Amino acid sequence: MNPISPDSIKEIAEQLDCGFRAFIHKKSNELLFVPDELNFPDIDEELWEKELTELENNRLDYCEIKKWTSREAFETMNDFAEQVVNQNLQNKLFNALDRKKPFREFKFLIDNAPNYRQQWFDFKSEWQLDFVTKRVRRMEEVMKDEL
């Protein structure tokens, strides 16, 4: 197995963030994405018939790169809040994370803080890339040991 390219890692991170499941073919590094039924319970699976059939018939040929947990996503929001220099916004973000529905509360604050909105997206994107890179490199090590 050749190393997974940075472009492929970026694509995996983006697809996971959009609610898809990501698979890498063990020999060819071909990427395969299918909707996560938890995120898209009413999706028309016919649109994904080719990918779903490929997985069903060749599941052992693929490794799945699992998405981060909600706990990990929460910790990312907390890490971002820690580095916000505007003390007022930082306090509001921490308060939002302590409330019910912290993801919604955090998003509301970020969406209404134009000077920090893009910083949040950049921070989150960088974190997701790092997360996927670590998962992919771990998978590559396991695959190398299996050969």
Side-chain angles (χ1 to χ4, degrees), residues 1-45 47-52 54-55 59 61-146:
M1 174 179 218
N2 292 323
I4 307 298
S5 73
D7 286 342
S8 291
I9 289 172
K10 183 177 184 208
E11 185 177 3
I12 293 167
E14 289 169 351
Q15 293 293 326
L16 289 174
D17 192 37
C18 289
F20 286 81
R21 294 175 65 198
F23 298 86
I24 302 173
H25 192 275
K26 292 177 183 178
K27 293 182 181 165
S28 70
N29 287 354
E30 178 185 344
L31 302 179
L32 192 143
F33 303 102
V34 296
D36 186 333
E37 52 280 346
L38 295 173
N39 295 317
F40 303 105
D42 299 327
I43 197 159
D44 183 1
E45 289 190 355
L47 298 172
W48 305 97
E49 188 173 347
K50 178 183 169 197
E51 291 86 352
L52 292 168
E54 171 65 18
L55 272 178
R59 182 63 183 98
D61 294 338
Y62 288 87
C63 288
E64 182 172 6
I65 302 299
K66 299 276 189 179
K67 184 177 180 173
W68 43 89
T69 65
S70 58
R71 181 75 195 145
E72 289 164 325
F74 180 89
E75 289 171 5
T76 302
M77 292 186 301
N78 191 71
D79 290 348
F80 177 77
E82 286 178 355
Q83 57 96 49
V84 168
V85 294
N86 179 314
Q87 194 65 46
N88 185 38
L89 178 60
Q90 185 182 59
N91 290 337
K92 287 179 181 180
L93 290 171
F94 284 132
N95 288 335
L97 294 174
D98 285 338
R99 292 188 190 135
K100 288 184 180 179
K101 304 196 184 225
F103 289 87
R104 184 180 70 187
E105 297 286 333
F106 184 92
K107 182 182 181 320
F108 176 80
L109 287 171
I110 289 297
D111 286 347
N112 290 289
N115 295 338
Y116 286 89
R117 190 168 188 269
Q118 189 58 50
Q119 287 181 33
W120 161 244
F121 288 130
D122 293 344
F123 184 91
K124 178 179 141 187
S125 178
E126 194 64 38
W127 181 88
Q128 290 171 342
L129 280 173
D130 185 55
F131 178 92
V132 171
T133 299
K134 287 175 183 172
R135 290 261 168 112
V136 165
R137 298 303 174 231
R138 217 174 303 134
M139 181 208 62
E140 289 172 338
E141 286 299 316
V142 168
M143 294 305 303
K144 187 170 68 175
D145 292 343
E146 290 180 4

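None of the values given here were measured: they were computed from a predicted structure. Side chains are part of it too, since the values below use all heavy atoms of this structure and drop only hydrogens, waters and symmetry mates.
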| Residues Glu140, Arg137: salt bridge by 4.0 Å N-O rule | yes
| CZ/Phe103 to CG/Leu97 distance, rounded to the nearest 0.5 angstrom? | 8.5 Å
| Chi angles and distances behind the side-chain contact (heavy atoms from CB on, under 4.5 Å) call for Met77, Lys107 | CA-CA 10 Å; Met77 292 186 301; Lys107 182 182 181 320; over 6 Å; no
| Can you find a heavy atom in the side chain of Leu89 that is under 4.5 Å from one in the side chain of Asn115? | no
| query | Is there a side-chain contact between Asp111 and Arg117 (heavy atoms, below 4.5 Å)? | reply | yes
| query | So how far is it from Ile4 CD1 to Ile65 CD1, rounded to the nearest 0.5 Å? | reply | 7.5 Å
| said: Whether Lys67 and Asp36 form a salt bridge (side-chain N of Lys/Arg under 4.0 Å from carboxylate O of Asp/Glu) is what I want to check. | reply: no
| Do the side chains of Gln83 and Phe123 get nearer than 4.5 Å, heavy atoms only? | yes
| message | So that I can tick it off, tell me whether Arg71 and Glu75 are bridged by a salt bridge, with the cut-off set at under 4.0 angstrom between side-chain N and carboxylate O. | response | yes
| query | Are Lys10 and Glu14 within salt-bridge range, i.e. N to O under 4.0 Å? | reply | yes
| Within-4.5 Å side-chain heavy-atom neighbours: Phe40 and Phe20 | yes
| task | Measure the spacing between CZ of Phe33 and CD1 of Ile24 and express it to the nearest 0.5 Å. | result | 8.0 Å
| Side chain Ser125, main chain Phe121, donor-acceptor under 3.5 Å | no
| message | In the structure I gave you, are the side-chain heavy atoms of Phe23 and Glu51 within less than 4.5 Å of one another anywhere? | response | no
| Taking atom types as modelled and ignoring hydrogens, do the side chains of Glu11 and Ser8 form a donor-acceptor contact shorter than 3.5 angstrom? | no
| note | Heavy atoms of Trp120 and Thr76 approach each other most closely as CZ3-O, 4.0 Å
| Between Asp130 and Glu126, is there a donor-acceptor pair closer than 3.5 Å when you use the side chain of the first and the backbone of the second? | no
| query | Distance from Leu129 atom CG to Ile12 atom CD1, nearest 0.5 Å? | reply | 10.5 Å
| field | Validation row: Gln119, Asp122 side chains within 4.5 angstrom (heavy atoms) | value | no
| message | Measuring centre to centre across the rings, with the benzene-like ring taken for any Trp, is Trp127 within less than 6.0 Å of Phe80? | response | no
| query | Can you tell me how far the CG atom of Asn112 sits from the NZ atom of Lys92, to the nearest 0.5 Å? | reply | 9.5 Å
| task | Test side-chain contact (heavy atoms from CB on, under 4.5 Å) on Glu105 and Leu109 and set out the steps. | result | CA-CA 6 Å; Glu105 297 286 333; Leu109 287 171; 5.7 Å; no
| said: With a 3.5 Å distance limit and no angle check, can you tell me whether Gln90 reaches the backbone of Glu82 through a side-chain donor-acceptor pair? | reply: yes
| field | Any side-chain heavy-atom pair of Arg99 and Lys101 under 4.5 Å | value | no
| Backbone of Ala13 reached by a side-chain donor or acceptor of Asp17 within 3.5 Å | no
| request: Mind checking the SG-CG spacing from Cys63 to Leu32? Nearest 0.5 Å is all I need. | output: 12.5 Å
| said: Closer than 3.5 angstrom, by distance alone: can the side chain of Arg135 be matched with the main-chain N or O of Lys66 as a donor-acceptor pair? | reply: yes
| query | Side chains of Phe131 and Leu16: does their closest heavy-atom pair fall under 4.5 Å? | reply | no
